[in-house]
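What follows is one structure encoded as structure tokens, with my remarks underneath.
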Amino acid sequence: MDNENKEKDKMKRRIAGLEKTLQIVTGYSGRVEKNLRQLFEVVSDTMPVPMLISLKNGKILFSNGNAQKIFAYSEEDFHQIAAPLLYEDPEDRSIFLKTLEDKGEVRDFAVNMKKADGTVFPASLFSRQIVFEGQNCLLTVTHDLSELKQEEEKRLLLERQLRQTQKMEAIGTMASGIAHDFNNILTVIFGRLELTLMMLPEESKAAKNIADALSAANRAKIIIMQILAFCRKKEEERKPFRISTIVAEAAKMIESLTPSHIEIRLRIKSKASIILCDPTQIHQVMMNLCFNANHALRDRGGVIEILLEEVTVSSQEKIMIPTLKPGSYVRLTVSDNGPGMDKSIIDRVFDPFFTTKPAGEGTGMGLAIVHGIVQAHGGAVSVESEPGKGAAFHCYFPMVAAVETSTFVKPQKTIQGGSERILFIDDKKDISETCSQMLETLGYNITARNRSPEALALFKENPDMFDLVIADDVMPEMSGREMASEMLKIRMDIPIIIITGRETDDNFFFESGIRAVIRKPFSLQEIGSAIRDVADKQREKEHE
Amino acid sequence: MTIQGENYKVTYHDGVISISGKLSLMLEDYEELETFFEKVIESQPHELILDIRNLEYLNSSGIKTICVSLILEAADIENLQMKILCSDRYTWQKETVPTFNDLMDDIKIVFE
């Protein structure tokens with residue numbers, strides 16, 4: 001009986017011990033559960049990505065703060081909506097569930113998600129199956145890829161721009177090589193046509209044909225210039241330049257290309273104004289504006305006025321041209337008395353590819369390029385026009401320094417000749433022959449050579465035999481620059497003019513004592529004027 | 001005697017059971033530890049020390065195993081002195097081990 005009681009007591013103690021154990025374990029589990037829940041809440045609320053816990057049927061049981069922020073649904077809203085609504089295409093949810101079922105988890109599921117306001121954003125989903133509040137659920141983390149996509153698009157855009165720049169550089173190199181050859185060919189065409197034109201009676205049919213051919217050659221020249229200007233390297237070097245000199249030179253060239261029923265008037269009121277610029281770009285601005293004015297007047301004739309003046313832009317004027325800061329500017333105005341433009345055209349006139357010219361006659365890039373160049377120089381362009389009242393384009397360039405002067409320059413149309421003795425060197429026989437004939441018509445005494453060493457030897461033999469030297473720059477045995485340098489060592493006052501079909505920095509020539517540089521192809525007027533300028537200055541020096 | 005698990009180690013030597021590491025097995029996987037404790041009890045020690053100072057974590061099934069298979073069994077042995085060495089570095093030990101007094105009146109619990 002004692003043993004039986006002992007066993008009973010032991011059993012009672014054991015039962016009591018198990019009850020206590022149960023209390024200890026449940027107490028412990030309760031604390032662990034509480035801690036885990038707290039941990040989950042802290043993690044889900046501080047994680048920087050949206051997290052949702054949903055049932056397979058789409059019911060959303062939990063959303064963290066970031067999910068509420070990104071999707072713009074409140075916690076209560078999430079309980080009301082079904083998960084497929086968060087997808088741009090709700091069908092994607094089915095594909096997502098299928099992937100989860102097949103693989104046990106989803107990683108990097110690319111899909112477009114939808115916010116409460118309907119905004120769609122690219123996302124990547126990561127999901128696993130979990131048990132939450134006693135139910136089989138999916139815990140899904142959504143990575144918003146909007147910024148990543150934008151960064152990727154930016155990177156692709158930069159890559160495209162880089163490729164485009166490289167392509168343009170390659171085209172530029174190629175174009176400059178082709179242009180050199182074309183300019184040589186055009187030099188002969190121009191020369192021969194002008195010589196022929198001089199031989200023909202002015203009103204003859206043949207003279208008209210030749211004039212048309214010259215006009216076509218002019219167009220070819222402009223096209224080559226435009227190609228070279230467009231393909232030029234982007235990193236232009238801006239240096240202080242007297243803008244009046246650039247404008248006057250450009251006007252001279254434009255004058256030579258302008259039909260006689262259109263008059264060019266050049267008025268420079270600020271001869272000494274200095275701006276920081278790339279002269280070739282200012283040249284292009286002039287060319288593009290005058291080309292448009294020419295086009296506007298080509299049927300009826302008229303006047304193109306080029307005006308260069310200093311202006312002060314006040315805050316009042318700034319309102320008219322919002323991009324312009326108050327300050328001192330040089331204003332280049334190209335105006336014509338053509339048919340003018342209505343407001344609808346004015347509004348679009350600087351848009352790339354916008355043109356009013358017939359198909360095949362304009363690219364619509366001219367004014368867009370002008371706009372880009374002037375803006376890149378820190379200035380602005382404005383246009384004034386009314387139907388029937390002509391048009392005026394004002395280009396404002398920030399001024400660096402100025403000395404106020406006022407002068408009128410009238411480009412010369414008559415070609416002045418002379419009697420100077422000229423040594424002409426070009427390795428292309430057809431060019432030397434053509435140019436010799438052209439210059440002889442102006443009265444000059446020409447000795448032509450096709451090899452630079454031969455010309456140098458002739459010069460060495462009798463340096464005083466010539467008053468002026470004209471030499472091509474690119475020649476096989478000795479370049480024009482090298483030959484000029486040798487000649488200047490023998491006779492340092494000999495005036496030398498370089499002719500070239502390449503785009504070069506003229507300063508290199510001037511620094512080595514060369515007096516002028518002329519671009520091929522040139523007209524009789526261009527080379528005639530250059531010779532006179534150089535020869536007259538030389539004469540002035542000799543008289544001093 | 002020794003049990004070497006993936007994240008834990010249990011040894012018995014000279015009346016001292018030492019458990020270290022992290023012990024979070026499923027209930028059914030505690031059978032090996034139950035058998036281990038059974039052998040300890042069968043050896044009829046006069047004094048038993050449970051050293052859990054280096055036991056970082058023990059789950060609820062582990063608590064149950066220690067309570068039922070070790071402490072309650074030890075409580076049935078007359079004149080057996082039992083001592084638990086604990087560490088107050090671990091919150092779970094501070095919160096739970098003192099309740100083991102309810103299972104064995106004269107158990108000695110020492111925190112370091």
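Naming convention: chains lettered A, B, ... in sequence-line order (proteins, then strands); numbering from 1 in each chain.
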Pairwise distance [atom1]([X]) to [atom2]([Y]) - rounded to 0.5 angstrom:
X: B/Thr96; Y: A/Tyr28; atom1: OG1; atom2: OH; answer: 6.0 Å
X: A/Gln23; Y: B/Cys67; atom1: CD; atom2: SG; answer: 11.5 Å
X: B/Asp76; Y: A/Arg14; atom1: CG; atom2: CZ; answer: 5.5 Å
X: B/Met104; Y: A/Lys20; atom1: CE; atom2: NZ; answer: 15.5 Å

Greater than 12 external heavy atoms within 6.0 Å of [X]'s [atom1]:
X: A/Glu91; atom1: CD; result: no
X: B/Glu32; atom1: CD; result: no
X: A/Arg107; atom1: CZ; result: no
X: A/Asp9; atom1: CG; result: yes
X: B/Glu6; atom1: CD; result: no
X: B/Glu95; atom1: CD; result: yes

Residue of the set A/Leu18, A/Ile24, A/Val25 for which side chain to side chain contact (heavy atoms under 4.5 Å, CB included) holds with B/Lys64: A/Val25
Side-chain donor-acceptor pair present, A/Arg31, B/Thr91, cut-off under 3.5 Å: no
Under 4.5 Å from a heavy atom of chain A, the part of B/Leu103 involved: side chain
